[in-house]
Structures are given as C-alpha cells and as structure tokens.
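Note sheet for the following structure.
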Amino acid sequence: MTSAVAAPPATGGKRPVLLLRRINDRLAAELRSRFRVLNFYESGAPLLAFLAAAAAGPDPPLAAVVVAGGAIQVNAAFLDAVPSLGCVVTTGAGVDHVDLAECARRGVAVAGAGTVFSTDVADHAVGLLVDVLRRISASDRYVRRGLWAARGDYPLGSKLSGKHVGIIGLGSIGSLIAKRLQAFGCTISYNSRRPKDSVSYNYFPGITDLAAASDVLIIACALNNETRHIVGSGVLEALGKDGVVVNIARGGIVDEAELIRALKKGRIAGAGLDVFEKEPDVPAELLSMDNVVLTAHEAVFTTESNWDLADLMIANLEAFFSGGPLLTPVLPK
C-alpha cells in the first residue's frame with residue numbers, strides 16, 4: 001500500500017523526525033543532512049514529556065525512528081503524546097515493542113529492519129552453539145587463569161557434526177541457521193505456525209515433541225502472547241540432560257527461571273544466550289556457569305549491518321515522506 005504524501009513542513013526546510021535510538025556519528029550526520037532530528041537521548045526529558053513537547057511545536061513530527069528490544073514501547077500512551085505521527089521506523093527484526101493493533105487503528109505505518117540482520121544473527125547463533133558444545137569460552141578462561149599447566153587438559157567438549165537440531169521459527173533467520181548447520185552435517189527439524197512447502201526438514205507442530213527429538217533447541221521466533229515462555233520446564237525436560245538451548249530471538253520466549261533450574265540440576269547440558277528477560281540485567285546464577293555462553297543482545301550488530309541498517313532507515317523515511325511504499329513494511333499505511 002502507498003501512504004499519502006506528507007505535507008511540507010510549516011516552517012519550511014527539513015521535515016522533523018523523532019529519534020529514539022542511540023546512533024553512531026555517521027548515521028547521525030546522514031539523518032541530520034536530510035531531516036530535522038529531534039533526539040530523545042539528547043533532550044534529558046522523560047519520554048512522554050519529550051514527545052508532548054515535540055508534538056506542540058509548529059512542525060509536529062510525522063515520523064519516528066525507534067530502538068527495538070523493549071527500551072521504548074510504542075503503545076497507546078506513546079501515540080497519544082504525539083498524535084501527528086504517521087510512521088514508525090523500528091530498527092530491529094522484532095516488533096514486540098510496537099503495538100501493531102493500536103498503530104493500525106490510528107493509521108500509523110510501521111517499517112522494520114527486514115532481513116538486514118538475518119545473516120549476522122544466523123552466524124551468531126551458530127557461533128554460540130559451537131562455543132557451548134566445544135567449551136571455547138570456558139577453555140579460554142581456563143588457559144588465561146594458568147590452569148592448563150597446573151591441572152592439565154581441559155575436559156572434552158561435544159562435536160557439532162551429526163547433532164539433531166530443532167529450530168523454533170523457520171523465518172528468514174531460522175532458515176539461514178538451518179542452512180549453516182546442514183553444512184556441519186546436522187539433521188534439521190523445525191516448528192512454526194504451519195509447515196513450509198519450500199523445505200524438506202522434519203516439521204513438528206508441538207514444541208515439546210520437537211525438543212524430545214533434538215540434541216539442540218534454537219529459538220528464532222518472534223515474541224508475542226502465544227510464544228511468551230513457550231520454552232519452559234516441560235520443553236527443557238524433553239530436551240534432556242545432553243541438550244543445549246540457544247536463544248537469539250527474545251528473552252521472554254524462554255522461562256528464564258526454569259532454564260536456570262534446569263541448568264543447575266543438570267537437566268540440560270548448556271545454553272548459549274544472546275537475549276534475556278530483563279535486559280540489561282542478567283541473572284547472577286548464569287554468570288557463574290561455565291556451560292553457559294552469554295552475549296549482550298549483540299547478534300544483530302556488525303559494522304556491516306549497522307551501515308545497511310542506516311541506509312534502510314533513511315530509505316524508509318524518505319519513502320514515507322514522498323508517499324511511496326515503505327521498503328520493509330510491517331504495517332503499511
């Protein structure tokens with residue numbers, strides 16, 4: 001669908017855009033060369049006060065760039081504070097921080113990151129899995145502490161080749177993870193809302209059955225009301241004492257308390273986690289576990305993907321203001 005062409009700014013010059021994401025100098029310069037940027041993080045104001053002040057100006061903003069991950073929620077209160085808004089450009093693959101139903105009700109278009117991050121997230125998922133199985137980070141710490149000479153060789157890890165891998169969510173990211181792990185000689189199964197005719201992997205309609213048939217469970221689905229805490233005690237029990245969980249999706253998909261209990265009791269073998277329920281806070285129990293590899297919700301971030309994201313954000317904004325279709329619409333106008 002195509003949005004209507006936005007009216008010219010009342011004061012002339014550049015169109016005002018709300019920026020609700022911390023950005024690097026290159027992207028800041030690119031945005032400011034095209035738009036009048038109203039930066040929340042430079043304002044020092046509370047969020048709703050910042051939005052209300054922007055909305056009260058002579059040129060109320062029609063578009064906003066919003067960070068993903070839940071730090072800022074685009075909900076009814078957000079939209080009430082800046083009723084002029086016609087487009088939200090979010091900078092993540094997930095949109096669980098955007099109330100899509102409320103945006104649709106108000107006619108607010110939403111653009112996401114599309115597949116900009118898919119390759120990097122898939123690479124990161126495989127990296128986490130290799131690290132957990134082969135104990136790379138734990139072995140690194142062992143060597144750095146001088147324990148190799150003092151105690152001898154580090155305990156053996158487990159090979160990746162031949163593992164049965166279950167993937168929850170076979171979208172863009174999940175599909176790329178599957179292709180990478182096939183190259184390692186893994187057998188792939190998956191769960192999604194429906195079977196996909198384009199692949200020959202085994203399909204499981206239930207998460208517990210998928211876990212029971214897998215050595216590794218990789219979470220690559222969206223977070224929503226249906227998927228919150230779908231990986232809980234029963235699924236972990238089905239995965240078994242030699243099983244590994246990798247989560248590069250959203251922390252809320254896994255019942256974190258149950259995961260910690262399973263790891264403590266040896267009900268599963270390990271975990272590779274890039275996301276957590278209450279970021280940036282990570283449970284202290286996970287920090288002390290050598291069979292757990294942790295990263296700071298960074299699977300999406302490489303130098304290359306940051307440049308690609310910058311270009312995509314600007315292209316979506318320019319498409320909205322010119323009345324053209326968004327390049328990566330989640331919710332068209």
Side-chain angles (χ1 to χ4, degrees), residues 1-40 51 54-55 57-69 72-75 78-79 81-121 171-173 222 300-302 304-333:
M1 297 176 67
T2 303
S3 59
V5 179
T11 58
K14 299 172 183 175
R15 300 182 185 279
V17 170
L18 296 173
L19 179 61
L20 300 107
R21 184 188 193 273
R22 290 187 171 88
I23 57 174
N24 58 44
D25 292 341
R26 175 189 179 270
L27 179 52
E30 292 280 353
L31 284 173
R32 290 193 170 104
S33 70
R34 294 167 171 82
F35 310 105
R36 182 165 63 86
V37 176
L38 307 175
N39 192 327
F40 167 60
L51 296 174
D59 283 330
L62 300 179
V65 175
V66 182
V67 66
I72 292 176
Q73 296 287 321
V74 180
N75 51 23
F78 182 107
L79 297 168
V82 57
S84 57
L85 209 62
C87 181
V88 171
V89 176
T90 181
T91 61
V95 290
D96 48 288
H97 59 299
V98 179
D99 187 335
L100 294 177
E102 190 64 24
C103 286
R105 189 179 73 80
R106 299 176 188 235
V108 177
V110 179
T115 60
V116 163
F117 298 128
S118 298
T119 297
D120 297 303
V121 176
S172 172
I173 293 169
V300 300
F301 293 122
T302 62
E304 295 85 355
S305 67
N306 266 351
W307 299 154
D308 292 342
L309 177 64
D311 293 340
L312 181 61
M313 287 165 51
I314 290 169
N316 271 315
L317 288 169
E318 291 183 333
F320 167 72
F321 283 120
S322 67
L326 299 175
L327 276 71
T328 50
V330 177
L331 189 66
K333 184 76 173 178

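What you see is a predicted model; the values in this text were computed from it and never measured.
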Where is the tightest heavy-atom contact between [X] and [Y], given as atom of each residue plus distance?
{"X": "P16", "Y": "L38", "answer": "CB-CD1, 4.3 Å"}
{"X": "H97", "Y": "V67", "answer": "CD2-O, 3.3 Å"}
{"X": "P61", "Y": "A54", "answer": "CD-O, 3.4 Å"}
{"X": "V98", "Y": "C103", "answer": "CG1-SG, 3.9 Å"}
{"X": "A319", "Y": "L326", "answer": "CB-CA, 4.4 Å"}
{"X": "A310", "Y": "L27", "answer": "CB-CD1, 3.4 Å"}

Sorted by chain and residue number, the side-chain contact (heavy atoms from CB on, under 4.5 Å) partners of A113 (sequence neighbours excluded) come out as F117, L309
Look only at the side chain of N316 and the backbone of L327, and say whether a donor-acceptor pair between them is shorter than 3.5 Å. yes
Check: S84 side chain, A55 main-chain N or O, donor-acceptor pair, under 3.5 Å
no
To the nearest 0.5 Å, tell me how far [X] [atom1] sits from [Y] [atom2].
{"X": "D59", "Y": "R36", "atom1": "CG", "atom2": "CZ", "result": "5.5 Å"}
{"X": "N24", "Y": "N306", "atom1": "CG", "atom2": "CG", "result": "6.0 Å"}
{"X": "R106", "Y": "L85", "atom1": "CZ", "atom2": "CG", "result": "10.0 Å"}

For residues 84-94, the salt bridge (charged side-chain N to carboxylate O under 4.0 Å, His left out) pairs (sequence neighbours left out) are none
Quick note, salt bridge (charged side-chain N to carboxylate O under 4.0 Å, His left out) partners involving residues 309-328, not counting sequence neighbours, are R26-D311, R34-E318
Of T91, T90, N39, the one forming a side-chain hydrogen bond (donor to acceptor under 3.5 Å, both in side chains) with R21 is T91
The residue among V110, V88, V74 that forms side-chain contact (heavy atoms from CB on, under 4.5 Å) with L100 is V110
With V121 as partner, the option from T302, I173, T115 fulfilling side-chain contact (heavy atoms from CB on, under 4.5 Å) is I173
Would you say that L317 contacts V17 through its side chain, given a criterion of any heavy-atom pair below 4.5 Å between the two side chains? yes
Flag side-chain contact, heavy atom, 4.5 Å: F78 against L20
yes
Those residues at least two apart in sequence (or on a different chain) that pass side chain to side chain donor-acceptor pair (under 3.5 Å) with T119 are none
Assess whether side chain to side chain contact (heavy atoms under 4.5 Å, CB included) is satisfied between I23 and V65, documenting all intermediate values. CA-CA 11 Å; I23 57 174; V65 175; over 6 Å; no
The ring pair (Phe, Tyr, Trp, His ring centres under 6.0 Å) partners of F35 (sequence neighbours excluded) come to F321
Would you sort out whether I72 and F40 count as a side chain to side chain contact (heavy atoms under 4.5 Å, CB included), showing the intermediate values? CA-CA 11 Å; I72 292 176; F40 167 60; 4.2 Å; yes
Sorted by chain and number, sequence neighbours left out, salt bridge (Lys or Arg N to Asp or Glu O under 4.0 Å) with D99 holds for none
